[in-house]
Amino acid sequence: MINEKESSGKNNFIHQQIEKELQEGKNQGRVHTRFPPEPNGYLHIGHAKSICLNFGTAEKYGGLCNLRFDDTNPEKEDVEYVDSIMEDVHWLGFDWGDRLYYASDYFGKLYEFAVKLIQEGKAYVDDQDAETISSQKGTPTRPGIESPYRSRSIAENLDLFERMKNGEFEEGSRVLRARIDMASPNMHMRDPILYRILKTPHHRTGDQWVIYPMYDFAHGQCDFWEGITHSICTLEFEVHRPLYDWFIDQLTEDNYRPRQIEFARLNLSYTVMSKRKLLELVKNNYVKGWDDPRMPTISGLRRRGYTPESIRNFAERIGVTKVDGMIDVTLLEHSVREHLNKTSHRVMGVLDPLKVVITNFPEGVTEELEAINNPEELEAGTRLVPFSRELYIEREDFMENPPSKFFRLAPGREVRLRYAYFITCNEVVKDASGEITELRCTYDPASKGGNSPDGRKVKATLHWVSAPHAVESEVRLYDRLFTVEDLFVEKERDFKEFLNPDSLVVLPKCYLEPSVKGAPALTHYQFERLGYFNVDPDSTPEKPVFNRTVQLKDTWAKEKNR
RNA sequence: UGUCCUGUGGUGUAAUUGGCAACACGUCUGACUCUGGAUCAGAAGAGUCCAGGUUCGAGCCCUGGCAGGACAACCA
């Protein structure tokens with residue numbers, strides 16, 4: 001959680017600008033933002049940054065934030081995406097109230113506006129095909145040339161545009177263009193296309209329209225009609241701003257103007273953030289779906305075990321600037337650990353079981369030992385954990401020939417079983433191949449509860465599970481999806497070449513303490529000494545499935561690798 | 001050979017608008033601990049892309065460079 005001290009006095013450049021405007025009395029003190037996704041994919045952590053910025057900014061200045069679907073391209077969009085986007089925004093903890101809009105709500109007004117531009121001689125119908133128009137556009141360093149249709153009469157343009165709307169022409173045969181400046185140093189001002197013919201049914205308007213406005217012709221006007229004051233978008237739209245302003249200037253003579261402000265999109269190490277690439281991973285089954293826990297999507301992170309709080313704190317921590325950079329995933333991981341450490345219940349679970357027999361503990365007896373649910377929040381209470389003669393411990397918690405820095409169980413060494421007893425290893429049982437199959441230990445009955453009877457110390461406390469009481473579970477371990485930190489520097493090669501083959505490891509047979517039985521999907525736990533895990537929706541009453549959200553920090557692992 | 005944007009510890013951000021470069025993550029010590037977690041205490045790490053200039057004083061202002069990015073979809 002980010003406290004006041006950390007967040008105060010750290011205004012990003014957008015908030016600084018807003019505060020300046022507020023002092024000047026601009027927009028009558030109104031702050032109104034919008035989050036405008038195109039419903040052509042699932043939201044990802046980069047969108048979360050934008051959501052937190054837009055909704056957070058409105059919240060901070062007592063303003064409003066709309067949710068608006070930028071649905072001007074029926075070929076890529078779908079209601080499935082609309083639904084998931086609304087779910088994800090809500091899950092993150094934001095609400096748009098009754099301000100749910102669609103660019104398609106404005107198709108009628110946009111059409112009228114286009115007609116007005118034609119009447120003013122500021123737009124024309126171009127009969128050329130895409131290739132020809134593109135070739136006349138010039139390059140960033142060379143001016144374009146004017147279309148032969150540029151100076152058609154207003155009456156002819158009006159007639160043609162109406163017939164475009166009425167479906168009289170084929171897709172691609174005509175477009176409506178703004179008449180601005182083919183020699184502009186800004187490519188977007190070289191008679192940009194306003195409308196194109198598309199005969200694909202739209203997910204909301206069906207076949208009512210066969211002409212669709214382009215992004216540039218829709219976005220700013222929607223902002224204007226909704227009373228948006230700050231239209232926050234990502235850096236790549238910077239060069240669109242003159243066009244954005246040009247349309248608004250044609251629309252109104254008011255003082256009120258929505259202002260486009262650009263910030264740097266989020267780049268996370270070891271992952272991809274483009275919807276195109278994410279879609280490719282899903283479509284070609286490199287992952288199991290948009291909500292695969294390895295995906296950087298909101299739904300993937302949710303299933304992985306991230307909490308809304310952790311994502312919002314992350315967004316706050318990374319800040320907002322115009323500098324293109326790369327955020328280390330470990331910062332995201334830190335954010336979940338921080339939140340889950342405070343909130344999740346502790347539980348014991350053994351992922352790679354090694355059987356331990358307590359030779360001096362009676363057979364057929366079960367003891368119930370009290371364990372603390374969350375040492376960070378004692379009000380969470382305690383639970384009883386069964387203990388018996390046969391247990392499982394983590395295989396890596398035992399070494400037959402331990403190096404000096406290894407504090408855990410070894411032959412002749414005494415350690416504590418958490419909340420249970422001190423045990424000493426007396427015998428190592430192996431199979432024919434030499435693999436350790438069982439440890440035979442004795443316990444000190446006087447150390448019940450894990451308290452040293454005579455003040456003697458042990459260097460390690462191990463987690464364990466009683467064998468006859470263990471809940472057999474599947475546990476899925478995740479690692480980064482890609483093997484390289486920055487996919488962008490490898491843009492010459494197909495990004496799929498860098499997929500991490502070990503991004504998912506399934507452990508089919510893990511043993512967990514019985515208290516996890518029946519926990520609903522998405523319940524968070526800390527498996528003591530291992531990490532944070534949560535219940536996967538694939539769980540059945542017979543066989544729970546857990547996802548590892550993130551490991552605990554592990555200084556031994558670091559030591560081991562030296 | 002254009003227009004626009006951006007350069008601050010390893011990473012991400014800050015610097016009261018000209019006043020000893022601060023914070024978080026990470027790293028390294030140490031303390032504490034029934035999680036090698038958490039917590040606590042401390043340390044190292046940049047002189048702000050470069051070169052000039054203005055100024056008592058520049059990360060901030062001016063000039064000139066350099067580097068990186070965006071823009072040539074009937075995508076958003």
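So that the names make sense, note that chain A is the first sequence line, chain B the second, and so on, each numbered from 1. Note: hydrogens, waters and symmetry copies are ignored here, and every other heavy atom, side chains too, is used.
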Using a strict 4.0 Å threshold on nitrogen-to-oxygen distance, state whether A:R408 and A:E394 make a salt bridge.
->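 Judged by the 4.0 Å cut-off on N to carboxylate O distance, A:R408 and A:E394 do not form a salt bridge.
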
Do NZ/NE/NH1/NH2 and the carboxylate oxygens of A:E38 and A:K275 come within less than 4.0 Å?
->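 A salt bridge is absent here (no side-chain N lies under 4.0 Å from a carboxylate O).
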
A:E377 versus A:T343, side-chain donor and acceptor atoms under 3.5 Å =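 Note: A:T343 and A:E377 side chains miss the donor-acceptor criterion.
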
Using only side-chain N and O atoms of [X], determine if any of them is under 4.0 Å from OP1 or OP2 of [N].
{"X": "A:T555", "N": "B:G37", "result": "yes"}
{"X": "A:T461", "N": "B:U35", "result": "no"}
{"X": "A:R190", "N": "B:C71", "result": "no"}
{"X": "A:T72", "N": "B:C75", "result": "no"}
{"X": "A:K553", "N": "B:G26", "result": "yes"}
{"X": "A:R346", "N": "B:U35", "result": "no"}
{"X": "A:R196", "N": "B:A76", "result": "yes"}
{"X": "A:Q260", "N": "B:C5", "result": "no"}

Residue whose nearest RNA chain B nucleotide is more 5′ - A:N40 or A:Y419 |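 Of the two residues, A:Y419 wins.
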
Mapping A:D324 and A:E77 to their closest nucleotides on RNA chain B, which lands nearer the 5' end?
->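 The 5'-side residue here is A:D324.
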
Counter-base of [N], judged by Watson-Crick or G-U geometry with both distances under 3.5 Å:
{"N": "B:A67", "result": "B:U6"}
{"N": "B:U48", "result": "none"}
{"N": "B:C74", "result": "none"}
{"N": "B:U54", "result": "none"}
{"N": "B:A22", "result": "B:U13"}

Could you measure between the two [atom1] atoms, the one in [N] and the one in [M], and give it in whole Å?
{"N": "B:G47", "M": "B:U8", "atom1": "C1'", "result": "9 Å"}
{"N": "B:U48", "M": "B:G7", "atom1": "C1'", "result": "10 Å"}
{"N": "B:C61", "M": "B:U55", "atom1": "C1'", "result": "10 Å"}
{"N": "B:G53", "M": "B:A46", "atom1": "P", "result": "26 Å"}
{"N": "B:U27", "M": "B:G69", "atom1": "C1'", "result": "30 Å"}
{"N": "B:U6", "M": "B:C49", "atom1": "P", "result": "14 Å"}
{"N": "B:A24", "M": "B:A44", "atom1": "P", "result": "15 Å"}
{"N": "B:A22", "M": "B:G45", "atom1": "P", "result": "13 Å"}

Verify the ring-centre separation between A:F161 and A:Y111: is it less than 6.0 angstrom?
->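 Judged by ring-centre distance (under 6.0 Å), A:Y111 and A:F161 do meet the cut-off.
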
Base of [N], side chain of [X] - is there a donor-acceptor contact under 3.5 Å?
{"X": "A:H188", "N": "B:A72", "result": "no"}
{"X": "A:E238", "N": "B:G69", "result": "no"}
{"X": "A:R142", "N": "B:U1", "result": "no"}

Could you check whether [X] gets within reach of a base, just the sugar-phosphate, or nothing at all, counting any heavy atom under 4.0 Å?
{"X": "A:S452", "answer": "nothing"}
{"X": "A:G325", "answer": "sugar-phosphate"}
{"X": "A:Y195", "answer": "nothing"}
{"X": "A:E333", "answer": "nothing"}
{"X": "A:F406", "answer": "base"}
{"X": "A:H240", "answer": "base"}
{"X": "A:P375", "answer": "base"}
{"X": "A:L552", "answer": "base"}
{"X": "A:T321", "answer": "sugar-phosphate"}
{"X": "A:R408", "answer": "base"}
{"X": "A:E528", "answer": "base"}
{"X": "A:D216", "answer": "nothing"}
{"X": "A:K558", "answer": "sugar-phosphate"}
{"X": "A:Q526", "answer": "base"}

Rounded to whole angstroms, how far apart are [atom1] on [X] and [atom2] on [N]?
{"X": "A:F69", "N": "B:A76", "atom1": "CZ", "atom2": "C1'", "value": "14 Å"}
{"X": "A:K76", "N": "B:A76", "atom1": "NZ", "atom2": "C1'", "value": "7 Å"}
{"X": "A:H334", "N": "B:G10", "atom1": "NE2", "atom2": "P", "value": "21 Å"}
{"X": "A:E131", "N": "B:C74", "atom1": "CD", "atom2": "P", "value": "11 Å"}
{"X": "A:D181", "N": "B:U3", "atom1": "CG", "atom2": "C1'", "value": "12 Å"}
{"X": "A:Y244", "N": "B:A76", "atom1": "OH", "atom2": "P", "value": "16 Å"}
{"X": "A:F263", "N": "B:C5", "atom1": "CZ", "atom2": "C1'", "value": "15 Å"}
{"X": "A:F13", "N": "B:U6", "atom1": "CZ", "atom2": "C1'", "value": "11 Å"}

Would you say the side-chain atoms of A:T307 pair up with the backbone N or O of A:S310, donor to acceptor, closer than 3.5 Å?
->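 Yes, the answer is positive, given that a donor and an acceptor are paired below the 3.5 Å cut-off.
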
Give the intermediate values and the outcome of side chain to side chain contact (heavy atoms under 4.5 Å, CB included) for residues A:M189 and A:W246.
-> CA-CA 9 Å; A:M189 300 301 274; A:W246 189 87; 4.1 Å; yes

Distance to the ring centre below 6.0 angstrom and angle to the axis at most 45 degrees; does that hold for [X] and [Y]?
{"X": "A:R68", "Y": "A:Y101", "result": "no"}
{"X": "A:K448", "Y": "A:Y421", "result": "no"}
{"X": "A:R204", "Y": "A:Y102", "result": "yes"}

Check every atom of [options] against the side chain of [X] and return the nucleotide holding the closest atom.
{"X": "A:E38", "options": "B:G36, B:A72, B:C75", "value": "B:C75"}
{"X": "A:I318", "options": "B:G37, B:G12, B:U11", "value": "B:G12"}
{"X": "A:D554", "options": "B:A70, B:G36, B:C74", "value": "B:G36"}
{"X": "A:D129", "options": "B:U35, B:C25, B:C74", "value": "B:C74"}

Is B:U17 syn or is it anti, if syn means the base angle is within 90 degrees of 0?
->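 You should classify B:U17 as syn.
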
Quick one: classify the glycosidic conformation of B:G68 as syn or anti, with syn meaning within 90° of 0.
->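 You should classify B:G68 as anti.
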
What is the ring orientation for A:H188 with A:H240, classed by angle as parallel under 30°, tilted 30 to 60°, or perpendicular over 60°?
->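 Aromatic pair A:H188/A:H240 classed tilted.
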
